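In this text the structure is predicted, and so the values were computed from the model without any measurement. The sequence lines fix the lettering, A, B, ..., with proteins before strands; numbering per chain opens at 1.
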2 protein chains.
Amino acid sequence: MDARNDIAPRPRTRIQRKNSRAILDAALDVFSQYGFRGATLDQIAEVAGLSKPNLLYYFPSKEAIHVTLLAGLMDSWLAPLRAIDPNGEPVDEILGYVRRKLELSRDYPRESRLFANEVLQGAPRITDLIQGELRDLVSDTAALIRGWVAAGRLAPVDPHHLIFSIWATTQHYADFDVQVRDILLQDPERTHQGALDFLTHLYRAALTPGGPGLGESGPGKKP
Amino acid sequence: MDARNDIAPRPRTRIQRKNSRAILDAALDVFSQYGFRGATLDQIAEVAGLSKPNLLYYFPSKEAIHVTLLAGLMDSWLAPLRAIDPNGEPVDEILGYVRRKLELSRDYPRESRLFANEVLQGAPRITDLIQGELRDLVSDTAALIRGWVAAGRLAPVDPHHLIFSIWATTQHYADFDVQVRDILLQDPERTHQGALDFLTHLYRAALTPGGPGLGESGPGKKP
DNA sequence: CAGTTGTCTGACCAGATGGTCAGGTTCAAC
DNA sequence: GTTGAACCTGACCATCTGGTCAGACAACTG
């Protein structure tokens with residue numbers, strides 16, 4: 001009847017903190033590349049520089065490591081969406097979201113791939129998170145966007161498909177990194193800039209009220 | 001010294017054809033869901049309704065099945081891109097590509113997921129296909145698009161990032177199907193139609209020459 | 001320094017996994 | 001209906017997998 005059986009027991013000692021971190025980092029490497037079933041504890045242990053029994057001293061099972069990673073991920077994953085300001089300029093707010101999401105893909109590609117792997121495999125371990133936290137936040141954001149559209153401050157688009165498209169286009173650079181690199185053959189920073197420029201144009205064109213060949217020509221406010 | 005050791009030996013007898021088909025279909029189910037390492041021969045055998053040794057009577061190894069699937073996939077995967085008509089109306093041609101690609105995602109989601117899984121894991125078994133066939137075709141298409149842009153028949157966009165975004169947005173509906181369903185909670189056909197409408201608007205707005213905020217103001221064609 | 005708690009490991013286990021093999025069964029052609 | 005090839009299987013194997021465990025070792029505490 002002890003109370004230590006949390007999903008992620010906060011580390012107490014320094015060693016615990018250090019090793020937990022090392023394990024989660026190694027696990028992120030391996031899980032994001034091979035998915036849950038394809039990853040092995042031996043691999044994770046080797047990457048982490050620990051023995052397999054030692055892994056299982058810190059985490060009760062392979063699945064516990066995986067769940068800990070996924071749970072810790074969702075927050076930072078949703079942060080850019082939460083950061084949309086309902087009182088801001090609609091087009092700029094959405095372009096800002098695109099930019100933040102793209103930066104997330106550049107800076108945390110392993111997290112993106114971990115998530116992609118999980119969803120690809122039917123999201124068996126995060127359906128509750130998707131149907132809960134994620135769905136609620138998306139619903140709210142969709143309502144916000146609908147409001148902007150109704151007010152004529154945004155071209156009429158379906159909010160859900162808009163959000164999906166932003167997820168898809170930004171995460172693509174993390175999830176399909178190998179493909180992108182093999183086709184573009186250029187340094188990552190340039191690819192990132194090219195993607196940002198393109199996506200900015202794409203969404204500005206599609207979202208600016210007055211459609212293609214726009215109506216109200218506002219001040220060309222710079223980024 | 002027999003000549004039977006092709007990647008995909010064309011089946012001769014009726015039984016061979018039937019069972020090969022069943023195996024590949026089952027393998028597509030399993031591989032697309034769990035990835036190469038996560039899939040097991042026992043699973044594939046069970047789905048195919050055959051015994052495991054019988055699988056290995058038709059294919060020499062697990063990897064051979066996987067490679068056969070991937071090789072057979074690339075063609076149908078690239079077909080929509082090949083179908084772009086250099087003599088057509090640029091915006092319509094690209095919108096047509098988007099539509100075909102979206103239909104592919106709806107009709108062949110397993111193939112999309114198989115491909116996604118493979119690329120996610122670093123594309124260890126198809127780097128040559130990506131750097132060869134795929135890269136060449138993308139290069140050609142990019143050149144075509146650049147030509148259209150130069151002729152003022154398309155808004156100035158980076159062809160590669162345009163193509164990436166089309167892949168991302170369309171394949172998203174297959175690869176992240178679970179997530180899309182959990183958020184939208186509507187029947188697939190309606191989702192497909194909604195996606196098509198949104199993407200059509202998105203790309204028409206971004207590609208129509210004379211769009212928002214660019215230099216050469218072309219003819220403001222249609223709302 | 002003794003004792004207690006926390007950290008770590010080699011050896012081990014049961015079950016799964018990719019793959020093999022000797023031999024049995026089915027099938028089509030003679 | 002005999003025969004040879006194609007088809008199929010149960011039993012088996014080496015290896016890997018997630019996980020356990022008894023006990024060694026380290027570190028803080030008194």
Side-chain angles (χ1 to χ4, degrees), chain A residues 2-24 26-31 33-70 121 124-125, chain B residues 1-24 26-27 29-31 33-70 121 124-125:
Chain A
D2 49 348
R4 69 164 157 78
N5 207 2
D6 270 336
I7 287 177
R10 49 263 149 103
R12 279 141 218 195
T13 74
R14 210 162 278 166
I15 295 178
Q16 232 167 69
R17 191 157 18 238
K18 192 190 88 184
N19 282 347
S20 285
R21 235 182 259 279
I23 291 170
L24 288 175
L28 184 55
D29 259 24
V30 179
F31 279 136
Q33 194 175 158
Y34 297 110
F36 181 73
R37 290 189 49 170
T40 72
L41 284 181
D42 293 270
Q43 256 183 114
I44 298 172
E46 198 191 326
V47 174
L50 299 171
S51 69
K52 187 169 61 171
N54 206 9
L55 278 205
L56 294 164
Y57 172 72
Y58 288 99
F59 291 88
S61 69
K62 180 187 180 184
E63 183 155 357
I65 303 178
H66 196 240
V67 168
T68 301
L69 279 177
L70 287 171
Q121 306 191 359
R125 273 163 280 271
Chain B
M1 297 274 185
D2 50 347
R4 69 164 157 77
N5 208 2
D6 269 336
I7 287 177
R10 47 266 151 95
R12 278 141 219 199
T13 74
R14 208 161 280 168
I15 295 178
Q16 231 168 70
R17 191 158 16 239
K18 193 189 87 182
N19 283 347
S20 285
R21 236 182 258 277
I23 291 170
L24 288 175
D29 259 23
V30 179
F31 280 136
Q33 194 175 155
Y34 298 109
F36 181 72
R37 291 189 48 169
T40 73
L41 284 180
D42 293 272
Q43 258 183 111
I44 298 172
E46 197 191 327
V47 174
L50 299 172
S51 68
K52 185 169 62 169
N54 205 10
L55 280 205
L56 295 164
Y57 172 74
Y58 288 99
F59 291 88
S61 69
K62 181 186 178 183
E63 184 155 356
I65 302 178
H66 197 240
V67 167
T68 301
L69 278 176
L70 286 171
Q121 306 191 357
R125 274 163 279 272

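- If you check every strand for non-hydrogen atoms under 4.0 Å, B:Ala45 touches nothing.
- Taking 4.0 angstrom as the limit, A:Tyr57 places none of its side-chain polar atoms (N or O) nearer than this to OP1 or OP2 of C:dC8.
- The side chain of A:Gln16 lies closest to C:dT7 when the candidates are C:dT7, D:dA6, D:dG18.
- Rounded to an integer number of Å, the gap from NZ of B:Lys52 to P of D:dC12 is 14 Å.
- Distances from the side chain of A:Pro53 to the nucleotides D:dG18, C:dA11, D:dC7 place C:dA11 closest.
- Side-chain atoms of A:Asn54 lie closest to C:dT9 of the nucleotides D:dC8, D:dT17, C:dT9.
- Rounded to an integer number of Å, the gap from NZ of A:Lys62 to P of D:dC16 is 16 Å.
- Using a 4.5 Å heavy-atom cutoff, the side chains of A:Glu46 and A:Lys52 are not in contact.
- Summarising the geometry, the separation between CZ on B:Phe31 and P on C:dT17 is reported as 13 Å, rounded to the nearest angstrom.
- Distance CZ (B:Arg17) to C1' (D:dC7): 16 Å, rounded to an integer number of Å.
- Mapping B:Ile15 and A:Glu63 onto DNA chain D via the closest heavy atom, the residue that lands nearer the 5' end is B:Ile15.
- In this structure, B:Tyr58 and B:Ile65 have side chains that are not in contact, with every pair of non-hydrogen atoms separated by 4.5 Å or more.
- Spacing between atom CG of A:Leu55 and atom P of C:dT7 amounts to 15 Å, rounded to whole angstrom units.
- Here the P atom of nucleotide D:dC16 and the CD atom of A:Glu46 are 13 Å apart, to the nearest Å.
- Distance A:Asp42 CG to D:dT15 P: 15 Å, rounded to the nearest Å.
- Of the two residues near DNA chain D, A:Gln43 and A:Leu56, the one whose nearest nucleotide lies more 5' is A:Gln43.
- Put simply, the side chain of A:Lys62 gets close to the backbone of A:Ala39: a donor and an acceptor are under 3.5 Å apart.
- Rounded to whole Å, the distance from OH on B:Tyr34 to C1' on C:dT17 is 16 Å.
- Between B:Phe36 and B:His66, the ring-plane angle classifies as tilted under the 30° and 60° cut-offs.
- Across all strands, B:Leu41 comes closer than 4.0 Å only to sugar-phosphate atoms, never to a base (heavy-atom distances).
- A:Ser51 has a side-chain polar atom (N or O) that falls below the 4.0 Å cut-off from OP1 or OP2 of C:dT9.
- Here B:Tyr58 reaches the OP1 or OP2 of D:dC8: one of its side-chain N or O atoms lies under 4.0 Å away.
- Using a 4.0 Å cut-off, some side-chain N or O of A:Asn19 falls inside it from OP1 or OP2 of C:dC8.
- Put simply, the side chain of B:Ile44 reaches to within 4.5 Å of the side chain of B:Phe31, judged on heavy atoms.
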